[in-house]
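Read through the structure below, which is laid out as structure tokens, and then see the notes.
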Amino acid sequence: MSMTRGCLLCIKITMFIFNLIFWLGGCGILGVGVWLAVTQGKFATLSISFPSLSAASLFMVTGSVIMVVGFIGCLGAVTEHRCLLLTFFVVLLIIFLLEIISMVLFFTYNDNFHRYAQEDLKNGLSLYQTEGNLGLTNAWDIVQTEFRCCGVKNYTDWLEMRNSSLVPHSCCMEHSASCQSNPSTWWKDVSVSVVCEKIGSLAFPALSP
């Protein structure tokens, strides 16, 4: 009996430590999400279809879920409550299956996701400096100025989507009265799509080609 109790105690302690690490990992992911929301919040309004869907939001939601699951596991391990333990294992199984499905979908439709993201960003160009889209306008100006880029792929995106020969002032390498109509003064080496790819490769290095 003493050996059995010792084994059960060892399993209980191991499970508690595992869930504590799991919970701390959730805290870390949530912290990264908050940091991204503070430092990279300017990217959130670039998408017109999913303005709230950003890396920061995904990190915060994921971190919160992991924290809740870890807390349930810790509580179940300490109290040995069967309902809590069963809930923990069921939720853990669901999360594992969702991760596998997400990975398969990502690698299967990676090109489609990339194409759709570019089209969504391009559609947002037509709303630049329009009524009720101050956040999107400021986001494009900040991103283009900071990363020295112009348009989703290049400056022709602005000309096409706005049916104009002018680009925003944030596309200009040097600001002047005529820079918005002078192609020789526009950023051409980097695009927003390349910037997004670089950010994605830093956040998810294992998924980068």
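Reckoned from all heavy atoms, side chains included, excluding hydrogens, waters and symmetry mates.
- Side-chain atoms of Ser181 come within 3.5 Å of backbone atoms of Ser178 as a donor-acceptor pair (strictly under, hydrogens ignored).
- Counting heavy atoms from C-beta outward, Arg162 and Pro168 have side chains that approach closer than 4.5 Å.
- Only one option out of Val90, Leu97, Ile95, Val91 pairs with Leu93 in a side-chain contact (heavy atoms from CB on, under 4.5 Å); it is Leu97.
- Taking the side chain as every heavy atom from C-beta outward, Trp23 and Ile66 never approach each other to under 4.5 Å.
- Ile94 and Val69 fall into different hydrophobic clusters, defined by Ile, Leu, Val, Met, Phe, Trp and Tyr side-chain heavy atoms under 4.5 Å apart, directly or through other members.
- Residues Trp158 and Tyr128 bring their aromatic ring centres within 6.0 Å.
- The shortest side-chain heavy-atom distance between Cys27 and Met67 falls under the 4.5 Å cut-off.
- The cluster map of Ile, Leu, Val, Met, Phe, Trp and Tyr, joined by side-chain heavy atoms under 4.5 Å apart, puts Ile72 and Leu86 in different clusters.
- Closest approach of Trp140 to Val152, counting heavy atoms only: CH2-CG2, 3.8 Å.
- Leu85 is listed as a side-chain neighbour of Met15, based on a closest heavy-atom distance under 4.5 Å.
- Residue pairs meeting the ring pair (Phe, Tyr, Trp, His ring centres under 6.0 Å) criterion with at least one member in residues 167-186, sequence neighbours excluded, are Tyr155-Trp186, His169-His175.
- Taking CD1 of Ile17 as the reference point, atom NZ of Lys12 lies at 12.5 Å (rounded to 0.5 Å).
- Distance check, rounded to the nearest 0.5 Å: OG1 of Thr62 to CD of Glu99 gives 8.5 Å.
- Expressed to the nearest 0.5 Å, how far CD of Gln144 lies from SG of Cys171 amounts to 4.0 Å.
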Would you check, one step at a time, whether the test side-chain contact (heavy atoms from CB on, under 4.5 Å) holds for Phe22 with Leu92?
-> CA-CA 11 Å; Phe22 198 63; Leu92 205 62; 3.8 Å; yes

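- Note that CG of Asn154 is 9.5 Å distant from CD of Glu160, once rounded to the nearest 0.5 Å.
- A distance of 10.5 Å separates CG of Asp157 from CG of Asn123, quoted to the nearest 0.5 Å.
- Side-chain heavy atoms closer than 4.5 Å link hydrophobic residues (I, L, V, M, F, W, Y) into clusters, and following such links, possibly through other members, connects Val68 to Leu75.
- Looking only at side-chain heavy atoms (C-beta outward), Asn19 and Phe71 stay at 4.5 Å or farther from each other.
- Contact detail for Val167 and Leu159: the closest heavy-atom pair is CG1-CD2, 4.0 Å.
- Note on Leu166 and Leu125: separate hydrophobic clusters, where clusters join Ile, Leu, Val, Met, Phe, Trp and Tyr whose side-chain heavy atoms are under 4.5 Å apart, directly or indirectly.
- Residues Lys122 and Lys153 form no side-chain contact, since every pair of their non-hydrogen atoms from C-beta on lies 4.5 Å or further apart.
- Here CZ of Arg148 is found 13.5 Å from OG of Ser170. Values are rounded to the nearest 0.5 Å.
- The number of heavy atoms from other shown groups lying within 6.0 Å of CG (Asn163) does not exceed 12.
- Minimum heavy-atom separation, Cys179 to Glu174: CB-O, 3.6 Å.
- Under the 4.5 Å side-chain heavy-atom criterion for ILVMFWY residues, no single connected hydrophobic cluster contains both Ile11 and Leu84.
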List the steps and the verdict of side chain to side chain donor-acceptor pair (under 3.5 Å) for Asn182 and Thr185.
-> CA-CA 6 Å; Asn182 185 1; Thr185 64; 4.6 Å; no

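- For the pair Ser64 and Leu30, the minimum side-chain heavy-atom distance is below 4.5 Å.
- Residues Asp141 and Thr137 meet the side-chain proximity criterion, which asks for heavy atoms closer than 4.5 Å.
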